[in-house]
Amino acid sequence: MTEPLLCVENLTKRFGGFVALTDVSLAIAEGERLGVIGPNGAGKSTLVNCISGLLRPEAGRVYFAGGDITALPAYRRARLGIARSFQIPRPFRSMTLEQNLAIPRDYAAREPTDADALLAQLGLGPKRGALPGTLTQIELRKLELARALAARPRLVIADEVMAGLSHAEIDEMLTVLLALNKSGITILMIEHIMRAVMRFSQRVVVLDAGRKIADGAPADILADKEVERAYLGA
Amino acid sequence: MAAGYAATRYVANDYYFYAAYIVLQYVVIATAWNILGGYAGYVNFGSAGFYAVGAYTAAILYQLFRPPLVAMIVGGGIAAGIIGLAAGYLTLRVKGVYFAIATLALAVVLETIVNNWDYVGGTRGIYVLHPHQVAGFANYARLLFFAMLVLAVASVVLARSIERSRLGRGLAAIRDDEQAAESAGVPTLRLKLFAATLSGALMGLAGAPFPYYVSHLEPGSAFSLAIAVNAIAMPMIGGATSWVGPVIGAVLLGGAQQIATVTISSILNLLIVGLLLIGFVIFAPEGIVGLIRRLWR
């Protein structure tokens, strides 16, 4: 087996007395689609922040493309090829869509980025000169994704990009993500919506109360007793 | 600038040069404030501190070597730039109102040091007398005016080129959302430190000729509340997201204050500034530049 693209080893993150992540390990192969699920407060967003560099773990290491990135600041990780979207869209509000994409293009991308093509690909072409304040929910989510892609990443962490979207919109988003994966981008999907994760992921990791309780194919996860207990509290 | 120099030859009344010096000084200060406050969104309440570092560095250099004016200005800029870098390193990790309080505290600390430092005259102040004659200018006030004109033009040109560069876009991303900027590859701490250093240095440049301007430098005037307030009010009233804003704000407010000083009273100045600032924050938060843009569309 080849070396994984991202490898998280024994990650522990505390906020004061609260332990958000306990000894979490996971790996993603290049080109894989991995889903991470878990109830509210399971530590999903903390995990994303530890991988993308906005938080520093108390213990454990993060490896990316063979190198130890545990001590690197977020911007260096972005330049290495880790891009993320935010759970609640956080566009640069004073900038047009085009200018939003210019930031990762100028600061993170190692190869030239065609911002216009990206916006068109995500169906935001006609809005390229608009300000984010005029966008709808799904358009904002797409902008999050477009901005992540403008960094020309090897790994995209999609943090709840589908929350609050309708069924049709979720399908639309899934189509986009699958196409991206086909083009060679590894995708880590953090999601609440079971239906979407199960359809999208080749493998699913389940977090509960900061611990990893399952890791396997979607069908096995659905059959897992511990996962059922975590979700239904039975 | 040529017109400015010509004016020093042909305008008879010295008062105009004293007044224009102050307005131009505020163009530099407001532009400097805006590089950190407007572009990156970090509000500095301690501008007077950086200004005073420039002024007192010039005074110290004067005590030591009696150097030419240019050396005093450069020295003041470097010293204030170093303070900006150090202060930035200590405070730029805190955001919003905490950063503002930290800068305010910095100015108080600096003033306390000067107040208790005998070499620069402590609270009594210190005499810094400019040379009597200078080649090419009728008197020293006119030279100071011209020096400040050069500094104003240079700082505005610098701010404008930053605004339109990759660096300026990075600062704007920090202002809009710092974590999103960092995640998009923007080295936020490094950019903020650069902005703090440059902003501090420009304020120091603005303060360096001040000892010669007043002849008697004392902490009360160097750490003046007027400077701290104007540094914020001028870009906010003019429009903080573009280089034009601070210039408009400084010329309008600075000019109005000069006129008010002569015609009404020098004490009313800050009241006028305060009322205008409140008015703009409520009715036109994007300043005059924002108002014009809105009417344009």
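Order of the sequence lines sets the chain letters (A, B, ...), proteins ahead of strands, with each chain counted from 1.
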Under 3.5 Å, what donor-acceptor pairs does chain B form with chain A?
from	atom 1	to	atom 2	distance (Å)
Arg166(B)	O	Tyr107(A)	OH	2.9
Arg166(B)	NE	Asp106(A)	O	3.0
Arg166(B)	NH2	Asp106(A)	O	3.2
Arg169(B)	NE	Asp106(A)	OD2	3.3
Arg169(B)	NH2	Asp106(A)	OD2	2.8
Arg175(B)	NH2	Ser94(A)	OG	3.2
Asp176(B)	OD1	Ser94(A)	OG	3.3
Asp176(B)	OD2	Arg93(A)	N	3.2
Asp176(B)	OD2	Ser94(A)	N	2.9
Asp176(B)	OD2	Ser94(A)	OG	2.8
Asp177(B)	OD1	Arg90(A)	NE	3.4
Asp177(B)	OD1	Arg90(A)	NH2	3.0
Asp177(B)	OD2	Arg90(A)	NE	2.8
Gln179(B)	OE1	Arg90(A)	NH1	3.2
Gln179(B)	OE1	Arg90(A)	NH2	3.3
Glu182(B)	OE2	Ala74(A)	N	3.4
Glu182(B)	OE2	Tyr75(A)	N	3.1
Gly185(B)	O	Arg79(A)	NE	3.3
Gly185(B)	O	Arg79(A)	NH2	3.2
Arg190(B)	NH2	Tyr75(A)	OH	2.8

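For Phe99(B), the CZ atom is densely surrounded, since the number of other residues' heavy atoms within 6.0 Å is greater than 12. Residue-environment remark: CG (Leu275(B)) exceeds the threshold of 12 foreign heavy atoms within 6.0 Å.
Residue contact with chain A, scored on non-hydrogen atoms closer than 4.5 Å, involves the side chain of Leu191(B) exclusively. Proximity to chain B (any heavy atom under 4.5 Å) is restricted, for Leu54(A), to the side chain, taken from C-beta onward.
Of the inter-residue distances, the one linking Leu26(A) atom CG with Ile51(A) atom CD1 reads 6.0 Å to the nearest 0.5 angstrom. From Tyr89(B), atom OH reaches atom CG of Leu189(B) across 6.5 Å, with rounding to the nearest 0.5 Å. Atom CG of Leu47(A) and atom SG of Cys50(A) lie 7.0 Å apart (nearest 0.5 Å). Here the straight-line distance linking atom CD1 of Ile170(A) with atom CG of Leu165(A) works out to 6.0 Å at 0.5 Å rounding.
Ala152(B) and Val27(B) make their closest contact through CB-CG1, 4.0 Å (heavy atoms, listed as atom of the first residue, atom of the second, distance).
By number of non-hydrogen pairs under 4.5 angstrom with chain B, the leading residue of Ala102(A), Ala150(A), Pro91(A), Ala108(A) is Ala108(A).
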